[in-house]
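A short worksheet on the structure shown next.
Start at 1 and go down the list; that is how both ligands and their atoms are numbered. Heavy-atom basis, side chains included; hydrogens, waters and symmetry copies ignored.
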Amino acid sequence: MSGYRVGVLGATGAVGSTILGVLAERDFPASEVVPFASERSAGREIEWNDSILECRALGDETIQGLDLVLSSAGGTVSAEWAPRLVEAGAVVVDNTSYWRMHEDVPLVVAGVNPDAAAGHRGIVANPNCTTMVAMMALAPIHRAVGLERLVVSSYQAVSGTGQKAIEELRAQSAAVLAGEEAPAPTVYPHRIAFNVLPQVESFVDGDDYTTEERKVMAETRKILDLGEEVGISATCARVPVITGHSESVNVQTREDLSPEDCRALLSEAPGVVVVDDPAAGRYPMAVDAAGRDDVLVGRVRRDPGQDRTLNLWVAGDNLRKGAATNAVQVAELLVERDLLG
Ligand SMILES: NC(=O)c1ccc[n+]([C@@H]2O[C@H](COP(=O)([O-])OP(=O)(O)OC[C@H]3O[C@@H](n4cnc5c(N)ncnc54)[C@H](OP(=O)(O)O)[C@@H]3O)[C@@H](O)[C@H]2O)c1
């Protein structure tokens, strides 16, 4: 059979299972798809595209002969295994944060900076889901009028933390609705059901920004190639939504951009849908973004307190464009541009 031998690492997880679905939906030219997960899942059967695939554990023998690996099994696994997979002949599209800021690893959003993929040395990184959703709205604005300053505030869904976080929200919500005490949190530092946590990921080394906020700021700069003269500030919150990250973006531009021109610009942008009739109750919402690949943008309005500044509300599916769909689009790009192998 013609096509590529494709590994999906983290195939039993929230992102990996979505990648399997997106590969099938987009009819990726795979001669074989090989799911990988931890040793706990070795031998587990996964239904895929009318067939049954058997999960494998990573090992020197199991990783041979792969052309491409879409990897989402956490940073520690990628740190060790991405170089080994490359050594064994695969190109790795990595969803974890481990390789994103390495100088010789391109950080690619399909539709935003596809040309960056050309310089890869075996690993191509997929940005953080919050960054990815914002990029879809901000890249066209940056190309048209230039960015001067950004303030991003996110309202992030629990599926962004993985399968266990979805289960935690479900179990706590069920208990609270039944009038019982919610089970103690194990994934998050506090109860997530009926709550908002102004902490996504962790505070390290005395930093008063979280690691997620640092990622949003650093990755935005890398993808859009913004110099230090562009100010970026991010605040990330976790909300009790299963899928779909929402973001409030305050964007100051170098040249003036009216809300009307901004809507016109974004309605031409691939992968973006403008939903902006607030008086009629039409604006981007997580429930509408979940399950689709387009990023929704609306509530476009001038900041009354600052020149050349707009406020936007953006919503996108963190598991699809925020992770799986972009990874598969990057894989398609590698095929189209003959960058595999
Ligand atoms: N969720 C999102 O929206 C999102 C978006 C962008 C990027 N990411 C990144 O993608 C990665 C996975 O996220 P997720 O949300 O899919 O997490 P998840 O639901 O917890 O899934 C983790 C996956 O990794 C596998 N795994 C764990 N330890 C392993 C090991 N030692 N060797 C091989 N496989 C191992 C798990 O297999 P078992 O089932 O066998 O344990 C599972 O398939 C993370 O690095 C995350 O930061 C997530």
Side-chain angles (χ1 to χ4, degrees), residues 7-22 34-46 53-59 62-63 69-82 84-85 92-101 107-109 124-135 154-169 186-188 200-202 210-212 214-216 219 236 238-239 241-247 286 289-291 293 295 315-330:
V8 176
L9 171 53
T12 53
V15 175
S17 57
T18 310
I19 287 177
L20 285 170
V22 174
V34 185
F36 290 92
S38 75
E39 290 189 356
R40 296 178 291 275
S41 303
R44 182 171 149 187
E45 293 188 333
I46 295 181
L53 309 176
E54 193 179 298
C55 240
R56 298 183 194 179
L58 291 163
T62 55
I63 65 167
V69 174
L70 304 173
S71 167
S72 53
T76 316
V77 175
S78 281
E80 179 186 350
W81 285 91
R84 290 172 74 168
L85 286 157
V92 176
V93 178
D94 189 44
N95 269 294
T96 78
S97 57
Y98 188 82
W99 295 102
R100 290 178 193 149
M101 295 309 295
L107 183 60
V108 179
V109 183
V124 181
N126 220 30
N128 165 280
C129 39
T130 306
T131 312
M132 189 97 71
V133 168
M135 285 310 93
S154 71
Y155 303 69
Q156 298 182 215
V158 298
S159 61
T161 320
Q163 212 59 51
K164 287 195 178 116
I166 301 174
E167 286 153 26
E168 182 152 303
L169 173 61
T186 59
V187 175
Y188 295 120
V200 175
E201 293 200 345
S202 46
T210 60
T211 46
E212 180 84 350
R214 289 283 172 206
K215 284 182 210 169
V216 172
E219 293 177 21
C236 297
R238 187 74 66 188
V239 295
V241 164
I242 290 187
T243 299
H245 287 358
S246 301
E247 299 174 39
D293 288 327
V295 166
D317 186 323
N318 49 294
L319 294 173
R320 291 187 66 93
K321 182 62 191 178
T325 301
N326 195 68
V328 176
Q329 288 171 328
V330 168

* **Ile46 versus Cys55, closest heavy-atom pair with distance** => CD1-SG, 3.8 Å
* To do: Considering non-hydrogen atoms only, spot the tightest contact between Val15 and Ala324 and give its length.
  => O-CB, 4.1 Å
Check each heavy atom of [X] against ligand 1 and say whether those closer than 4.0 Å belong to the side chain, the backbone, both or neither.
{"X": "Cys55", "value": "neither"}
{"X": "Arg40", "value": "side chain"}
{"X": "Ser159", "value": "backbone"}

Geometry only, no angles: is [X] polar-contacting ligand 1 at N/O separations under 3.5 Å?
{"X": "Ser38", "result": "yes"}
{"X": "Thr161", "result": "no"}
{"X": "Thr12", "result": "yes"}
{"X": "Gly10", "result": "yes"}

* To do: Could you tell me whether atom 35 (C) of ligand 1 has at least one protein heavy atom nearer than 4.0 Å?
  => yes
Hey, what do you get for [atom1] ([X]) to [atom2] ([Y]), rounding to the nearest 0.5 Å?
{"X": "Asn126", "Y": "Ser72", "atom1": "CG", "atom2": "OG", "answer": "9.5 Å"}
{"X": "Arg84", "Y": "Leu58", "atom1": "CZ", "atom2": "CG", "answer": "8.5 Å"}
{"X": "Thr186", "Y": "Glu168", "atom1": "OG1", "atom2": "CD", "answer": "4.0 Å"}

Would you call [X] and [Y] a side-chain contact if the rule is heavy atoms closer than 4.5 Å?
{"X": "Pro127", "Y": "Asn326", "result": "yes"}
{"X": "Lys215", "Y": "Glu212", "result": "yes"}
{"X": "Ser154", "Y": "His245", "result": "no"}
{"X": "Val34", "Y": "Arg56", "result": "yes"}
{"X": "Arg238", "Y": "Thr161", "result": "yes"}

Would you mind running through ligand 1 and noting each atom that sits below 4.0 Å from a heavy atom of [X]?
{"X": "Leu319", "answer": "1 (N), 2 (C), 3 (O)"}
{"X": "Asn318", "answer": "3 (O), 5 (C)"}
{"X": "Cys129", "answer": "3 (O), 5 (C)"}
{"X": "Thr96", "answer": "45 (O)"}
{"X": "Ala11", "answer": "43 (O)"}
{"X": "Ser41", "answer": "38 (P), 39 (O), 40 (O)"}

* To do: May I ask whether Ser97 has any heavy atom positioned less than 4.0 angstrom from an atom of ligand 1?
  => no
Shortest protein contact, [atom] (heavy atom only):
{"atom": "atom 12 (C) of ligand 1", "value": "Ser72 O, 3.3 Å"}
{"atom": "atom 9 (C) of ligand 1", "value": "Asn95 O, 3.5 Å"}
{"atom": "atom 31 (N) of ligand 1", "value": "Val77 CG2, 3.6 Å"}
{"atom": "atom 16 (O) of ligand 1", "value": "Val15 N, 2.8 Å"}
{"atom": "atom 21 (O) of ligand 1", "value": "Gly13 CA, 3.2 Å"}
{"atom": "atom 24 (O) of ligand 1", "value": "Ala73 CA, 3.2 Å"}

* Trace of the side-chain contact (heavy atoms from CB on, under 4.5 Å) decision for Asn95 with Leu70 -> CA-CA 8 Å; Asn95 269 294; Leu70 304 173; 5.5 Å; no
* To do: Would you indicate whether Glu39, at its atom CD, is surrounded by more than 12 heavy atoms from other residues, nucleotides or ligands within a distance under 6.0 Å?
  => no
For [atom], which candidate among [options] provides the closest heavy atom?
{"atom": "atom 15 (O) of ligand 1", "options": "Ala327, Gly162, Ala165", "result": "Gly162"}
{"atom": "atom 6 (C) of ligand 1", "options": "Pro35, Ala324, Ala323", "result": "Ala323"}
{"atom": "atom 45 (O) of ligand 1", "options": "Ala157, Gly74, Ala37", "result": "Gly74"}

* Taking Thr62 for the side chain and Ala57 for the main chain, is one N or O donor matched with an acceptor at less than 3.5 Å? -> yes
* **Donor-acceptor under 3.5 Å (Thr18 side chain, Arg320 main chain)** => no
